[in-house]
Structures are given as C-alpha cells and as structure tokens.
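Each remark here refers to the structure printed beneath this line.
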Amino acid sequence: MVNTIPRDQVWVSALNQHDDVQGGFDRSRTVRFYDTTLRDGEQAIGVVFTADEKFAIACKLAELGVGRIESGFPRVSEEDTLAVRRMLDAGLSSEIWGFARCVIADLDAHIELGTEQVLIEISTSEVKMHAYGFTRASVMERVSNAVKHARDHDMRVNFFAVDATRSDQAFLKDVYSRAIELGAEEISVVDTIGALAPEAVERMIRDIAHHVGPEIPIHWHGHDDFGLATSSAIAAVRGGASWIQGTINGMGERAGNADICEVALALQCLYNMPVELNLARAREVSQLVRQAGGYSVDGWKPVVGENLFVRESGAVASQFHIPEAIEPYSAEIVAAERRIVLGKKSGLDSIRLKAEELGIDLPQERFGAVLAQVKSLGTKAQRLVSDAEFRQIVAATP
C-alpha cells in the first residue's frame, strides 16, 4: 500500500524541483522496505532481544507497513528459533523472510520451521573470502548448493552478496548470474562496511541492473560508517533498486544500517518517490525497539527524535504559529506533538505560549519579570524549567 504525504504538509526548497535533482527516478514503481532490525540490528553491541520482544517488534513493523521482515537466524539460539516460529504462525501482513549463510544446515533450520522465503548470504570480496578461507571456486560451489537446496524445498530466494561493493565486479556478476540460474528471484547489493560513496552506489546499481535484467528486483543494503547511509539508499533507488534494506533507528554493526524511516521520509518529501511505509507509526516503533534494546537515540535524530518539534529558543517560539517557518515538514506526518519548553534560551513569546498552554492567566506586563526568573533557573540548573516550576515562578513573581 502506497502511503502518500500531502504536499501541503511539506515545506522544502523549490530548488529541489530542478531536473538534475528529480531526474533519474522511476516513479511508476513504489519503493518498499525490507527490515533487518531483528537480525542485523541486533548485531549492535550489547543488544539482545528476547523472543517476546522480537515478536512484539515484528507486529509493530507490520503496522508500520514494512513489506518484509527478516525474522532472524534460528541456529543462533532457542530464543531465536521460538521468535521465528511465532512470526511465521502469526499471519502478519508483512512477509517473513529467513536469513541463512550458504550452509545447508542453516537452510534446514528454516525449512523445519516452515519458512517459505530466505535471504542467502556469502562473501564475494577478495578480502572477506580470504578471511573465511574461501576461494572463488568454493564460493561458486557453496552458492550453487545453497540456492539449489532452497529451491528444491520450494523456498523463494534472495541472494545476498556480502561486501559486494568491494568485490571484483566481474566475479560479482558471475556469482549473481549463477544464483539466478539456479532459481534466485532477487539479489541484494551489499555495502557491508559502508565503503561506497552515494554517486558510486547509483552507478553500481545501474550496472548490476543492466547485467541481471529488468525481471530481477534489486535490494540495496548499506551501512552508515561515513554518515551517508540515507544518501546512499536514495542513490540506489535512483539507480534502479526497488527494495531498501535497513533497520529501525539505524541500529546495527559499527555505525549501524540505513534507517528505513529516514529513507522513506527523504524519498517522499525531497524526491517525490512513492513509498510503502506509514511514517505516522515510526515513533512508536522506534520507542519499542529502543526499550527492548536498552538504548536511547539523540533528541535531534531525524523522524523519531524527541526534540524535533519542541522549541526552547525565544526567536523560534515567536514563529511557532507558522510551522512552515521553522520546520521542513508537518509534525502530523510522524504523529509528533509540537510544544514549547522553557529554559535559558526562552523569550517573551515563550512565556506567553506556555501560559496559554497551561491555562494560566498572566498579564503581558508580567512577562518580562517571569522570563528573567525562568532564564535564571534554566542557567543555574543547566536544564529546562518544568511546567510545575513555571507555575511556581508565576505565583512568586510580582
């Protein structure tokens, strides 16, 4: 289902409409998302999800509109096996995909559970093949055996080339071709360590798309080591990728994965691309994942940050009644609350707005004195002033 953001809720620059910005995108197709929070996301240091937490997250991901949920790796633990089984049995609106190496036992673990579609991975770069003790010949053999085994058991296959962006491109194409010949219906182009610049991403995706042909959907899987995961995902879409793989909050190995909600927001608001994701559910999914993972995100994080629509600065508060003057898109898009907070940086308009919010009858001639006390407390305490403290200040200030 395509989720459309009303254009009157988006207030970005008209310069985005230039042909060199908007050109190259195929808007006849909808960008869809393959979420790997429960597998690649859990690889973030110190994060461990229980089976109950994985199932709860999967349910929220389905409500978010994620097309596919990567259920996990059953061979890791009994908890993971239980989580995968519960997802498969739940009848969620999202497709449930398994994850496996090019190892028959990995595939059998999913086959026993009833997984019907699987992402199969193996390394294709020289450095990673060397690290695993693989040769090009052994990689080809493993890919052949794994894809054939999955297809023999009627599983749909997405072939996932680890470290694709640092692979010899001729060899990489040969591996993709072998996987497709044996029945893989889709492929993933994988930037395992975030090593490819966005411009090169677009170029690579176009080249791979030309090689495999228009019938084979291409997934992009990127990491954020240079802070460019969202940009790279957008470049991949421009290049022809129809699926973006990523996680909630961008969690994952090292600097994390692409944040699927950030990618969805940027594609819609800046590039007018249709996407399949309901961003009004993004913040609640984000909160659940953070709680389960035992971590927090910055208040200024795009889409889900707690402070995106909160204003302390007096100069900004003066424009609070005109959202498009101080925000690039409506808070309604991500179901966020707009509000004023008080502190060192507050101004007279901040006092007026907060008094109105709390239903306090405060004459304008008292604004200055109250503001001085608010600033003093915020500066000394090095924090915001609570609503309760504001009430006390109003009551105590002539």
Side-chain angles (χ1 to χ4, degrees), residues 1-5 9 30-44 46-72 80 83-84 86-88 90-97 99 221-224 229-230 233 243-253 256-269 275-310 329-337:
M1 176 180 176
V2 178
N3 298 100
T4 304
I5 294 176
Q9 292 184 0
T30 298
V31 178
R32 305 182 69 192
F33 295 91
Y34 176 112
D35 184 89
T36 182
T37 299
L38 302 179
R39 196 273 303 172
D40 208 346
E42 194 184 29
Q43 290 179 211
V47 173
V48 177
F49 296 135
T50 66
D52 286 343
E53 288 168 340
K54 285 196 171 189
F55 180 69
I57 292 169
C59 291
K60 285 296 183 184
L61 289 171
E63 293 174 7
L64 180 65
V66 167
R68 296 177 180 176
I69 299 170
E70 193 170 80
S71 61
D80 286 85
V84 173
R86 289 185 66 185
M87 283 179 241
L88 290 171
L92 299 177
S93 56
S94 304
E95 292 181 359
I96 305 302
W97 280 66
F99 170 86
H221 180 111
H223 284 257
D224 202 32
T230 296
W243 287 86
I244 297 299
Q245 298 181 7
T247 61
I248 297 299
N249 301 324
M251 65 187 297
E253 287 271 3
N257 290 256
D259 183 318
I260 61 172
C261 294
E262 288 184 17
V263 176
L265 182 71
L267 281 170
Q268 289 182 93
C269 293
V275 305
E276 185 183 67
L277 210 68
N278 180 8
L279 288 171
R281 310 306 291 268
R283 293 167 81 87
E284 61 185 274
V285 180
S286 169
Q287 182 57 45
L288 176 62
V289 172
R290 279 181 269 163
Q291 181 179 345
Y295 68 91
S296 60
V297 299
D298 291 331
W300 48 82
K301 181 173 174 56
V303 185
V304 300
E306 294 300 319
N307 297 337
L308 296 183
F309 300 95
V310 178
Y329 61 90
S330 170
E332 293 181 22
I333 292 172
V334 294
E337 178 188 3

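Computed over heavy atoms, backbone and side chain alike; hydrogens, waters and symmetry mates excluded.
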* **Donor-acceptor contact below 3.5 Å, side chain S71 vs main chain W97** => yes
* Is the backbone N or O of D80 less than 3.5 Å from a side-chain atom of K54, with the two atoms forming a donor-acceptor pair by type? -> no
* Flag yes if more than 12 heavy atoms outside E332 fall under 6.0 Å of its CD atom; otherwise flag no. => no
* Asked: Looking at side-chain heavy atoms only, is the closest gap between L64 and F33 below 4.5 Å?
  -> no
* **Donor-acceptor contact below 3.5 Å, side chain N278 vs main chain G65** => no
* **From CD1 (I244) to CD (E276), nearest 0.5 Å** => 13.5 Å
* **R283 (side chain) donor-acceptor with G305 (main chain) under 3.5 angstrom** => yes
* Any side-chain heavy-atom pair of L265 and Y329 under 4.5 Å -> yes
* Structure fact -> When E70, R68, E95 are each screened for side-chain hydrogen bond (donor to acceptor under 3.5 Å, both in side chains) with Y34, the one that passes is E70
* Intermediate values then yes/no, side-chain contact (heavy atoms from CB on, under 4.5 Å), Q245 and N257 -> CA-CA 8 Å; Q245 298 181 7; N257 290 256; over 6 Å; no
* Asked: Just by modelled atom types, is the T37 backbone N or O under 3.5 Å from a matching donor or acceptor in the D35 side chain?
  -> yes
* Structure fact -> The residue among T36, V47, T247 that forms side-chain contact (heavy atoms from CB on, under 4.5 Å) with E42 is V47
* To do: Verify the neighbour count for atom CD of Q9: are there more than 12 heavy atoms of other residues, nucleotides or ligands below 6.0 Å?
  => yes
